[in-house]
Structures are given as C-alpha cells and as structure tokens.
Amino acid sequence: MGIIKKFKNYFLDEEEYDDYEEEYFEGEEEEEVSKSSAQGQSKQNVVSLQSVQKSSKVVLYEPRVYAEAQEIADHLKSRRAVVVNLQRIPHDQAKRIVDFLSGTVYAIGGDIQQVGPKIFLCTPDNVDVTGSISIVSDDESSMKRW
C-alpha cells in the first residue's frame, strides 16, 4: 500500500484515487475467486508421483535345467532385472540358456552383461546399467568363451 499512496500523492487527487481504489480492488477479488476455483479443479487432476512410481525388482535366478529359461524370460517381459547364475548347470545347457535370454533381451530392447564367471545380468529397457566389472581368473582355461 505504501507505493500506491506515493502514486496517489504524485499523480491523482484524492477523489480520483478513491474511484481508482474501488475499481482496482474489486477486480482483484473477482480474480482471486476465479483463481481459487481453478486451483481446486486442477488439484483434483493432479496425481502424486509416489503413487505412480512402482518399485523395481531384481530377481536372482539359478536354473537347474534349460526349461527354466522361459521363467527367466517372463520376469524380463514383466520389466524386472534378472541376475542369472549358471554355475550349477552343464556348459551346453548354460550356453543354450544364454542364447535364449539374448534373444528375449533383444526383443524387449534390453541388455545382457556377464558380471562374473557364468553369472549374467539381464535387464529390460527401463533399467540402465552403468559401470563395468572386470573378470579376473587365475586359470584362463576355466573361463570358457560365450
């Protein structure tokens, strides 16, 4: 109000100022009412980010036979990351599982990475993996190429 009084004294006579004050503050009240009703309507349309965000899951899987590869693929299709440990399965079946999962990951636009000897991380497209793990082995012959 201090600035308005200064303008009043500088530009307007008291009568002109009183007319101006009535017009100015009446219009402002109408705007406030319309803004508050618009805000009330927009608050009803706002959705909390906490309710939208779903928790991500990482599934640890250690298949015993090739037939379990489909269950792993189902987790990937459900947009869950899967860590697959193939250390307890024969090498030929492990290779087939990796081939099957590679095709699944390619189809959903995800990624597959070897994070250890016979351990793979399969991720769907909604999971980004950064960094790398270097695999060091004392006996290079025990590490078979995939």
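Count residues from 1 along the sequence.
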>> Would you compute the distance between atom CG of Leu86 and atom CD of Gln114 and round it to the nearest 0.5 angstrom?
In response: 9.5 Å
> Distance-only, no hydrogens or angles: does the Gln113 side chain make a donor-acceptor pair with backbone N or O of Val115 under 3.5 Å?
Replying inline: no
> For the atom pair CZ (Arg96) and OH (Tyr66), what is the distance rounded to the nearest 0.5 Å?
Replying inline: 5.0 Å
> Considering only heavy atoms from C-beta outward, does the side chain of Val83 approach that of Val59 to under 4.5 Å?
Replying inline: no
>> Atom CD of residue position Gln70 - does it have more than 12 heavy atoms of other residues, nucleotides or ligands inside 6.0 Å?
In response: no
>> Could you go through Lys57 and His75, starting from their C-alpha distance and side-chain angles, then the distance that decides it, and tell me whether this counts as side-chain contact (heavy atoms from CB on, under 4.5 Å)?
In response: CA-CA 10 Å; Lys57 292 186 179 183; His75 286 294; over 6 Å; no
> Minimum heavy-atom separation for Gly109 to Asp125, with atom names?
Replying inline: O-CB, 3.5 Å
> What's the spacing between Leu121 CG and Asp111 CG if we round to 0.5 Å?
Replying inline: 7.5 Å
> Can you name the closest pair of heavy atoms from Val65 and Ile97 and give their distance?
Replying inline: O-CD1, 4.0 Å
>> The criterion is salt bridge (charged side-chain N to carboxylate O under 4.0 Å, His left out); which residues satisfy it with Arg88, sequence neighbours excluded?
In response: Glu62
> Can you name the closest pair of heavy atoms from Phe120 and Val98 and give their distance?
Replying inline: CE1-CG2, 3.6 Å
>> Minimum heavy-atom separation for Pro117 and Gln87, please, with both atom names.
In response: O-NE2, 2.9 Å
>> For a quick test of reading the model, state the closest non-hydrogen atom pair linking Val84 to Pro63 and the distance between them.
In response: CG1-CD, 3.9 Å
> Got a second to check how far Ile112's CD1 is from Tyr106's OH, nearest 0.5 Å?
Replying inline: 15.0 Å
> Is there side-chain contact between Val82 and Val58, with at least one heavy-atom pair below 4.5 Å?
Replying inline: no
>> Would you compute the distance between atom CD1 of Ile89 and atom NZ of Lys95 and round it to the nearest 0.5 angstrom?
In response: 14.0 Å
> Same cluster or not: are Ile119 and Val129 linked, directly or through other Ile, Leu, Val, Met, Phe, Trp or Tyr residues, by side-chain heavy atoms under 4.5 angstrom apart?
Replying inline: yes
>> Minimum heavy-atom separation for Leu101 and Ala69, please, with both atom names.
In response: CD2-O, 4.0 Å
>> Can you list everything that forms a salt bridge (charged side-chain N to carboxylate O under 4.0 Å, His left out) with Glu71? Sequence neighbours excluded, please.
In response: none
